[in-house]
Amino acid sequence: MANGSWASLRLEPVASGDKVALGSKAARLDGPPEKRDVEAATRVLLDKLADLQDAFHADGRHALLLVLQGRDASGKDGVIKTVYGAFNPTGVRVAAFGPPTPLELRHDFLWRVHQVVPPRGMIGVFNRSHYEDVLAVRVRAIAPESVWRPRFAQINAFEQMLTQNGVVIRKCLLHVSREEQRERLQARLDDPRKNWKFRLEDLDGRALWDAYTDAYRDVLTHCSTPAAPWYVVPSDDKAVRNYLIARMLVETLEALHPAYPPMHPDVRDAARDFR
């Protein structure tokens with residue numbers, strides 16, 4: 001994250017091999033802009049995203065995959081609702097990953113992921129992802145280190161292959177502080193409209209906080225690559241979180257220079273006398 005002026009309020013990719021601090025300070029900005037200003041700037045970005053998506057879909061040279069990871073109550077659903085809500089739903093696919101099914105367990109861990117990678121012209125979002133196989137699997141001792149540690153290299157190779165075939169990958173860790181997560185989980189317990197979301201696993205996750213922190217650090221260190229960079233998104237402030245991700249996506253799509261293809265000559269000729 002770059003500090004300083006409003007114009008510098010943007011995400012920076014984690015450098016390959018970098019060891020990132022994931023404490024409470026990294027979950028929030030010092031002296032953020034006023035909420036109303038952030039929300040107004042976000043609306044401008046969302047309008048740009050809608051226009052860019054139209055050209056991106058018509059262009060059809062690339063796919064865009066946004067991976068969202070984070071602790072419980074970090075805001076993955078909120079990002080999808082706010083940022084992806086700007087897109088035409090016919091051009092967006094959202095995939096959520098829970099515990100693997102018996103069929104999925106009979107395949108390699110990336111099998112179920114590859115099936116839902118967006119095709120060219122489409123934008124996809126993963127609500128959790130293949131990284132659960134080096135996070136939850138590790139922290140909850142579902143598999144030994146001899147199984148999950150080689151997956152770092154396997155994931156990098158998989159993502160490299162995708163990018164070489166036209167898939168642009170951006171990965172966001174929605175980073176919340178322990179204090180903010182507690183408040184959000186408490187709100188779920190207190191609100192009948194939200195307490196259905198609360199799970200026993202949420203309590204387990206709190207007890208395993210430090211173990212998850214270590215696991216996330218390793219993911220950022222080993223799996224942020226030029227082909228598929230990770231971004232740490234300070235997510236205690238929801239408005240700032242949404243702005244930062246929207247800006248990163250706008251910059252990503254603009255760098256691809258999506259363009260509407262010209263009308264096919266045969267169609268142009270046939271439509272010349274159209275009335």
| Name the one of Arg128, Glu132, Lys76, His130 that satisfies side chain to side chain donor-acceptor pair (under 3.5 Å) with Gln69? | Glu132

| request: Check the pair Leu68 / Phe126 against side-chain contact (heavy atoms from CB on, under 4.5 Å), numbers first and verdict last. | output: CA-CA 6 Å; Leu68 297 177; Phe126 284 178; over 6 Å; no

| query | Do Leu46 and Val44 share a hydrophobic cluster, counting only Ile, Leu, Val, Met, Phe, Trp and Tyr and linking them when any side-chain heavy atoms are less than 4.5 Å apart? | reply | no

| query | Side chains of Tyr243 and Arg10: is there a donor and an acceptor less than 3.5 Å apart? | reply | no

| query | Which is it for Arg149 and His222 under the side-chain contact (heavy atoms from CB on, under 4.5 Å) test, yes or no, and what are the steps along the way? | reply | CA-CA 10 Å; Arg149 186 163 292 278; His222 296 296; 4.2 Å; yes

| said: Side chains of Asn88 and Asp54: any donor to acceptor distance under 3.5 Å? | reply: no

| said: If hydrophobic clusters are built from ILVMFWY residues whose side chains come within less than 4.5 Å, do Leu11 and Leu174 share one? | reply: yes

| Transitive ILVMFWY side-chain link Leu208 to Val176, under 4.5 Å | no

| query | Under a 4.0 Å N-O cut-off, is there an ion pair linking Asp236 with Arg241? | reply | no

| message | Between Asn156 and Gln160, is the side-chain hydrogen bond (donor to acceptor under 3.5 Å, both in side chains) condition met? List the steps. | response | CA-CA 6 Å; Asn156 288 342; Gln160 179 71 29; over 6 Å; no

| remark: So CG of Leu244 and CG of Asp237: to nearest 0.5 Å the spacing works out to 9.0 Å

| said: Suppose we call two aromatic rings close when their centres sit under 6.0 Å apart. Are Trp230 and Tyr131 close by that rule? | reply: yes

| Value rounded to 0.5 Å, distance of NE2 in His175 from CG in Leu220 | 10.0 Å

| Yes or no on side-chain contact (heavy atoms from CB on, under 4.5 Å) for Val167 and Glu159, after CA distance, side-chain angles and deciding distance? | CA-CA 9 Å; Val167 182; Glu159 292 175 349; over 6 Å; no

| query | Taking C-beta and beyond as the side chain, do Phe97 and Val113 meet within less than 4.5 Å on heavy atoms? | reply | yes

| N-O pairing of Glu180 and Arg28 below 4.0 Å | no

| request: Please name the residue in the list Val67, Val125, Thr252 that meets the side-chain contact (heavy atoms from CB on, under 4.5 Å) test with Arg170. | output: Thr252

| message | Tell me whether Asp214 is salt-bridged to Arg217, with the criterion being a basic N under 4.0 Å from an acidic carboxylate O. | response | yes

| field | CA sep, side-chain torsions, deciding dist, call: Val38, Glu34, side-chain contact (heavy atoms from CB on, under 4.5 Å) | value | CA-CA 6 Å; Val38 178; Glu34 292 290 332; over 6 Å; no

| field | Test item: Met161 and His114 side chains (from C-beta on) under 4.5 Å apart, heavy atoms | value | yes

| field | Point-to-point distance, once rounded to the nearest 0.5 Å, from CG of Leu52 to CG of Asp59 | value | 11.5 Å

| query | What distance separates Arg61 CZ from Phe56 CZ, expressed to the nearest 0.5 Å? | reply | 9.0 Å

| message | Applying a strict under-4.5 Å side-chain criterion to I, L, V, M, F, W and Y, I'd like to know whether Leu249 and Met122 cluster together. | response | no

| query | What distance do Glu179 atom CD and Glu183 atom CD have between them, rounded to the nearest 0.5 Å? | reply | 8.5 Å

| task | Please tell me if the side chains of Ile155 and Val219 come closer than 4.5 Å, counting only heavy atoms from C-beta onward. | result | no

| Are the side chains of Leu49 and Phe87 in touch, meaning some heavy atoms are under 4.5 Å apart? | yes

| task | Answer yes or no for Arg106 and Trp111: cation-pi contact, defined as NZ/CZ to six-membered ring centre under 6.0 Å and angle to ring axis within 45°. | result | no

| query | Heavy-atom distance under 4.5 Å between the side chains of Leu65 and Val168, does that happen here? | reply | no

| message | I need the minimum non-hydrogen distance between Lys171 and Cys223, along with the two atoms involved. | response | NZ-O, 2.6 Å

| note | In terms of heavy-atom contacts, Pro32 and Val240 come closest through CB-CG2, 4.2 Å

| message | Can a donor-acceptor pair be found, under 3.5 Å and without considering hydrogens, that links the side chain of Gln181 to the backbone of Asp72? | response | yes

| message | Within the structure provided, determine whether Thr101 and Arg112 are in side-chain contact (heavy-atom separation under 4.5 Å). | response | no

| Which atom names give the shortest non-hydrogen contact between Ala26 and Ala21, and what distance separates them? | CB-O, 3.6 Å

| field | Test item: Arg184 side-chain N/O and Ala73 main-chain N/O as donor-acceptor pair under 3.5 Å | value | yes

| For Pro226 against Ser16, the heavy-atom pair lying closest together | CD-OG, 3.7 Å

| query | To the nearest 0.5 Å, what is the distance between CZ (Arg71) and OG (Ser177)? | reply | 10.0 Å

| query | Any sub-3.5 Å donor-acceptor pair from Arg151's side-chain atoms to Asp133's backbone N or O? | reply | yes

| query | Which heavy atom of Gly70 sits nearest a heavy atom of Leu173, and at what distance? | reply | CA-CD1, 4.0 Å

| If we only count heavy atoms from C-beta on, is the Thr221 to Asp18 side-chain gap below 4.5 Å? | no

| field | Heavy-atom closest pair, residues Ala58 and Tyr260 | value | CB-CD2, 3.7 Å

| Would a 4.5 Å heavy-atom cut-off, applied to side chains only, mark Leu64 and Leu253 as touching? | yes

